[in-house]
Amino acid sequence: GGGLVAFASNRGDPTVFQIWTIKLVVGADGLAKAIDLKQLTFDPISKRQPAWSPDGTKLLYSAPGDAGNGLDIWVMNVDGTGQQNLTKRKGDDTDPAWSPDGQWIAFTNAGRSDGILRIFLMNPSGGNQILLTGDKNESDPTWRPDMKWLGFVLQASGHKYLNLHDMAGGAEMFLTPTPIAFDRSSIFGRLGEVAAPAFSPDGNWVAYTRLDSGRTYIQVADWQTRGGEITRLTTTAQDDLPAWSSDSKFILFVSKRDGNLEVYVMNTAGNFQVNLTNDLSVDTDPAWQPMP
């Protein structure tokens, strides 16, 4: 379904998360398996949330920055070299998401004193940082492949909804954009409580974590009807963080079903769910490299 799979793991040192990669192949039993495990980073700073550039040559990640700033968004080459701090903002910067055309990076910032989360945009060098959010609590940005929409989680009245920003006018057109509900049928919507949304590369679906009273499931909702068709793909109630293959045929996710957090893969019907990492360490935050 694509190239390398990047993920965060503390398998080298239980106190530090590093970025690792694996390749996926089909085994003799017809199921996916991981080969060629490789550690990309080694310095004693925890790194999370790897996210690929659209050409598959670079990785974003979230890691501590300058003293007093908290987490920042960093970038490095696919071999782990060339690490550079991009954001250098007060408050934790998380959830990096590279735009499909490679021109913008969206991320969540927690720098406000009142705890409100905000979404910023910046160019790939870290310059031209634009505040996309008004006074709404917004996080977890995800780009639709046509770049006309940016999905995100809106937190309001104790709930987490999937919402959209209309990006058809271009990122620099925005001053105070108004959130638009993903599901047009009702205020709360049929998707339920949402975390970690991810648009499929073909634009037909959005995968997300369904939050349900402490239980978590991977679900997909269709784009054409904006939630008229919703399918639950996992049933263990311990699944999170979906990530698509570049051909939109497979989904990575993490699960605690085997006792600790591991990276799994399945097809888009929820079949052939396989533990890829299968280690006593914590393995999380999977991201599938786009194919050129």
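Worth saying up front: this structure is predicted, and the values here are computed from it rather than measured.
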Look at the side chain of [X] and the backbone N and O of [Y], then say whether any donor-acceptor pair between them is shorter than 3.5 Å.
X: N123; Y: G126; answer: yes
X: D222; Y: T225; answer: yes
X: D92; Y: L71; answer: yes
X: N267; Y: G270; answer: yes
X: W98; Y: A51; answer: no
X: D212; Y: R215; answer: no
X: D247; Y: P201; answer: no

Passes side chain to side chain donor-acceptor pair (under 3.5 Å), N85 versus D72? Steps please.
CA-CA 7 Å; N85 187 340; D72 286 330; 2.9 Å; yes

Pairwise distance [atom1]([X]) to [atom2]([Y]) - rounded to 0.5 angstrom:
X: Q129; Y: I105; atom1: CD; atom2: CD1; result: 9.5 Å
X: N271; Y: L31; atom1: CG; atom2: CG; result: 11.0 Å
X: Q219; Y: T234; atom1: CD; atom2: OG1; result: 8.0 Å
X: F182; Y: L154; atom1: CZ; atom2: CG; result: 14.5 Å
X: Q49; Y: D140; atom1: CD; atom2: CG; result: 8.0 Å
X: R11; Y: L37; atom1: CZ; atom2: CG; result: 5.0 Å

With a 4.5 Å heavy-atom cut-off, do [X] and [Y] have their side chains touching?
X: M76; Y: L40; answer: yes
X: M266; Y: L233; answer: yes
X: S9; Y: S281; answer: yes
X: M122; Y: L86; answer: yes
X: L4; Y: W52; answer: yes
X: D239; Y: R257; answer: yes
X: M167; Y: L121; answer: yes
X: P54; Y: D101; answer: no

Output, in order, the C-alpha distance, side-chain angles, deciding distance and verdict of side-chain contact (heavy atoms from CB on, under 4.5 Å) for I116 and D135.
CA-CA 8 Å; I116 295 293; D135 288 326; over 6 Å; no

Closest non-hydrogen atom pair between [X] and [Y], with its separation:
X: I19; Y: Y61; value: CD1-CB, 4.4 Å
X: S255; Y: T236; value: OG-OG1, 3.9 Å
X: Y208; Y: P197; value: CB-CA, 4.0 Å
X: I230; Y: R190; value: CD1-O, 3.3 Å
X: A196; Y: T209; value: CB-OG1, 3.9 Å
X: F7; Y: D283; value: CE1-OD1, 3.6 Å

Is the count of non-hydrogen atoms from other residues, nucleotides or ligands lying under 6.0 Å from F272 atom CZ greater than 12?
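Incorrect, the count does not exceed 12.
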
Taking a hydrophobic cluster as the set of Ile, Leu, Val, Met, Phe, Trp and Tyr residues connected by side-chain heavy atoms closer than 4.5 Å, whether directly or through intermediates, do [X] and [Y] fall within one such cluster?
X: L117; Y: V153; result: no
X: W288; Y: V274; result: yes
X: I180; Y: V194; result: yes
X: W104; Y: L150; result: yes
X: L241; Y: V263; result: yes

Positive for side-chain contact (heavy atoms from CB on, under 4.5 Å) with E262, one of V254, T277, L276, L280:
T277

I'd like to know whether V206 forms a side-chain contact (heavy atoms from CB on, under 4.5 Å) with L162, so could you lay out the CA-CA distance, the side-chain angles of the two residues, the decisive distance to 0.1 Å, and finally the verdict.
CA-CA 10 Å; V206 59; L162 180 58; 4.0 Å; yes

Cation-pi check for W149 against R226: NZ or CZ below 6.0 Å from the six-membered ring centre and within 45 degrees of the axis, yes or no?
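Geometry flag: set, cation within 6.0 Å and 45°.
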
I want to check a possible cation-pi pair here: R232 against Y217, using under 6.0 Å from ring centre and within 45° of the ring axis as the test.
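The answer is yes, since R232 meets both limits relative to Y217.
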
Please test D29 against K33 for salt bridge (charged side-chain N to carboxylate O under 4.0 Å, His left out), starting from the C-alpha separation and ending with a verdict.
CA-CA 10 Å; D29 56 2; K33 68 176 183 179; over 6 Å; no

Do the rings of F120 and F107 sit parallel, tilted or perpendicular, given the 30° and 60° boundaries?
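The rings of F120 and F107 lie parallel, inter-plane angle below 30°.
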
The test is side chain to side chain donor-acceptor pair (under 3.5 Å); show your working for D258 and Y264 and say whether it passes.
CA-CA 11 Å; D258 290 329; Y264 287 72; 2.4 Å; yes

Evaluate K160 against L211 for side-chain contact (heavy atoms from CB on, under 4.5 Å), listing each step before the verdict.
CA-CA 9 Å; K160 295 183 177 181; L211 308 175; 4.0 Å; yes

Worked check of side-chain contact (heavy atoms from CB on, under 4.5 Å) between V5 and L252
CA-CA 9 Å; V5 170; L252 299 165; 3.7 Å; yes

The salt bridge (charged side-chain N to carboxylate O under 4.0 Å, His left out) partners of D146 (sequence neighbours excluded) come to R144

Quick one, N77 with K58, criterion side chain to side chain donor-acceptor pair (under 3.5 Å). Give me CA distance, side-chain angles, the key distance, then yes/no.
CA-CA 4 Å; N77 298 320; K58 296 182 181 297; 2.8 Å; yes

Does a donor on one side chain and an acceptor on the other come within less than 3.5 Å for D93 and T87?
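Note: D93 and T87 side chains meet the donor-acceptor criterion.
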
Please check if the distance between the ring centroids of F199 and W223 is under 6.0 Å.
yes

